Amino acid sequence: MNSPAPDATTAPKFEITTSRQFTDWMAEQRLSLAYTTYQAGKLFLLGLNPQGRLSVFERTFNRCMGLAGDGQTLWMSTLYQLWRLENALAPGQTAEGYDRYYIPRTAYITGDLDIHDIAIGADAKPVFIATLFGCVATLSETHSIRPLWKPPFISRLAAEDRCHLNGLAMAGGEPRYVSAVSRTDVADGWREKRRDGGVVIDVRTSEVVLGGLSMPHSPRLADGQLYLADSGSGRFGRVDPAKGTFEEIAFCPGYIRGMTLHGNYAVLGLSRPRHNKTFSGLALDDELKRREVEPRCGLMVVDLRSGDIVHWLRLEGIVEELYDVVVLPGVARPMALGLVSDEIRRTVSLENDLTAAAPK
């Protein structure tokens, strides 16, 4: 028996709203944004159309999470792959009004390692968190990954997600700080330490520089300052590794996960917490009730000088969770090619034109 078609009035909707000056800020800063949602399996690219209005472009990738990019290249983790998407347009060239056209060029088959944060190392190769094994890793030409470092409290590498290592901050092209939900050394042990077991670890010394956090994510370094999302409490702030302190900059009404820094601003990804054991019982729940506000999903732009949330983008409907967000500097309006449609089969470009270069 055929199932009835979904009622258009009850089907999940998707809506994006922004603060009044969000697009003006993007234009002033000369940037676009990319973010991932593993819950909906989408890569979103935000830019501005010629009229200065928000341009939204999305492509489907199964469980896309970690994201790193520099305007020319995007690295993105998915369910069992690590993708490199490359811009196919030359400087000054456009295609259908877009100035970046990201095309999937390479996919490394890693297996389902639950790859979280990604960064680009000094050798231009991706460095990432293999959360299932609780280690920092990079690509391998012969194996799933090449582990680079593990926390000292993890006795051995096993596919058990023992401490939920998730966040990565780089310095000088090398891993410097990581975040983990706990220091547990048993399979799935971190779930019992969600409220106050979180830590930040110095990769160089393997020392815990800050503890007592609630599900920390997305450590990022800029101008000698270490920024962090204490996701379980909704607090975004600075970490002083020498003193072992956390200074709150702003409270955000949602589960903070994903951060990119640009000048005096931090762009934070927010998710609506799922109603399950992973997200229940956190301080974020109490704080949202105290402030009489519902959790939000979207992006928030925080001024690092004042702590004010100066701009925001809100997602309603089918998208309820984000994982990562990156700034694409100098990009006006990006788009990407996906794998679902037949379009990728017909898209071909040449690195050089031998005909034009041939002698007369």
Side-chain angles (χ1 to χ4, degrees), residues 38 65-68 77 112-119 126-138 145 147-171 174-221 226-246 255-259 268-269 271 273 277-279 281-284 323-324:
Y38 64 89
M65 292 183 64
L67 196 60
S77 66
D112 187 358
L113 305 177
D114 201 18
I115 294 176
H116 279 55
D117 278 10
I118 306 172
V127 179
F128 48 86
I129 302 293
T131 298
L132 184 65
F133 281 87
C135 69
V136 179
T138 190
I145 56 171
L148 300 174
W149 176 91
K150 70 173 182 63
F153 47 78
I154 297 296
S155 58
R156 68 182 184 90
L157 297 182
E160 297 177 349
D161 191 8
R162 297 183 175 190
C163 65
H164 205 68
L165 195 74
N166 56 54
L168 174 63
M170 303 284 283
E174 301 292 334
R176 183 58 198 275
Y177 296 101
V178 294
S179 58
V181 175
S182 73
R183 286 183 266 194
T184 49
D185 191 29
V186 296
D188 211 36
W190 61 273
R191 295 185 188 276
E192 301 169 5
K193 301 291 184 179
R194 296 170 299 112
R195 193 172 180 92
D196 58 4
V199 293
V200 174
I201 310 166
D202 187 329
V203 173
R204 292 182 184 176
T205 64
S206 292
E207 295 180 356
V208 173
V209 297
L210 181 63
L213 299 167
S214 179
M215 299 189 74
H217 280 80
S218 310
R220 303 287 187 264
L221 273 168
L226 177 60
Y227 298 91
L228 181 76
D230 192 43
S231 308
S233 68
R235 300 184 301 158
F236 161 66
R238 295 183 186 90
V239 173
D240 187 330
K243 297 179 180 178
T245 58
F246 178 86
Y255 188 84
I256 309 170
R257 188 173 49 196
M259 181 197 311
L268 307 177
S271 300
K277 291 183 178 180
T278 300
F279 292 92
L282 300 175
L284 175 61
Y323 182 76
D324 214 351

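No experiment lies behind these values; they were computed from the predicted model shown. One is the number of the first residue; the rest follow in order along the sequence.
Looking at every heavy atom in both residues, T138 comes nearest to P126 through OG1-O, 2.7 Å. When all heavy atoms of I118 and G66 are compared, the pair lying nearest together is CD1-O, 3.4 Å. When all heavy atoms are compared, the tightest approach of G234 to L284 is CA-CD1, 3.9 Å. The minimum heavy-atom distance linking I256 with H217 is given by the pair O-CB, 4.3 Å. Shown here for I115 and M65, the closest heavy-atom pair between the two residues is O-CB, 3.8 Å.
By the side chain to side chain donor-acceptor pair (under 3.5 Å) test, D202 is found to be paired with R176, residues two or more places apart in sequence or in another chain being considered. Under the side-chain contact (heavy atoms from CB on, under 4.5 Å) criterion, D185 pairs with I154, S155, R162, not counting sequence neighbours. Considering only residues two or more places apart in sequence or on other chains, Y323 meets the side chain to side chain donor-acceptor pair (under 3.5 Å) condition with D117. Remark: V208 pairs with R183, V199, I201 by the side-chain contact (heavy atoms from CB on, under 4.5 Å) rule, at least two apart or across chains. Residues forming a side chain to side chain donor-acceptor pair (under 3.5 Å) with S179 (at least two apart in sequence, or on another chain): N166. Partners of F133 according to the ring pair (Phe, Tyr, Trp, His ring centres under 6.0 Å) rule, which considers only residues two or more places apart in sequence or in another chain, do not exist here. Applying the salt bridge (Lys or Arg N to Asp or Glu O under 4.0 Å) criterion to D188, with sequence neighbours excluded, gives R191. Applying the salt bridge (Lys or Arg N to Asp or Glu O under 4.0 Å) test to D161 and every residue at least two apart in sequence or in another chain returns nothing. Checked against side-chain contact (heavy atoms from CB on, under 4.5 Å), S182 has the following partners two or more places apart in sequence or in another chain: C163, T184, W190, K193. Qualifying side-chain contact (heavy atoms from CB on, under 4.5 Å) partners for R195, counting only residues two or more places apart in sequence or in other chains: A283, D286. Applying the side chain to side chain donor-acceptor pair (under 3.5 Å) test to S218 and every residue at least two apart in sequence or in another chain returns nothing.
Between the OG atom of S77 and the CG atom of D324 there is a distance of 8.0 Å, given to the nearest 0.5 Å. Going from atom CG of L168 over to atom CG of L221 covers 9.5 Å, rounded to the nearest 0.5 Å. Expressed to the nearest 0.5 Å, how far OH of Y38 lies from OG of S271 amounts to 6.5 Å. Here the CG atom belonging to L268 is positioned 13.0 Å from the CZ atom belonging to R257, to the nearest 0.5 angstrom. Rounding to the nearest 0.5 Å places OG of S231 at 11.5 Å from CZ of F236. Distance check: F246 CZ to Y227 OH gives 12.0 Å after rounding to the nearest 0.5 Å.
Taking the side chain as every heavy atom from C-beta outward, H116 and H164 approach each other to under 4.5 Å. At a threshold of 4.5 Å between non-hydrogen side-chain atoms, the residues Y177 and V239 do not count as touching. P219 has its side chain out of reach of V200: every pair of non-hydrogen atoms, C-beta onward, lies at least 4.5 Å apart.
In this structure a side-chain-to-backbone donor-acceptor pair under 3.5 Å is missing from S214 to G197. No donor-acceptor pair under 3.5 Å is formed between the side chain of S206 and the backbone N or O of P152. Of the possible polar contacts, one joining the T131 side chain to the L165 backbone as a donor-acceptor pair under 3.5 Å is found.
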Please test V209 against L226 for side-chain contact (heavy atoms from CB on, under 4.5 Å), starting from the C-alpha separation and ending with a verdict. CA-CA 12 Å; V209 297; L226 177 60; 5.5 Å; no
Full working for side-chain contact (heavy atoms from CB on, under 4.5 Å) between I129 and V136: CA-CA 5 Å; I129 302 293; V136 179; 3.8 Å; yes
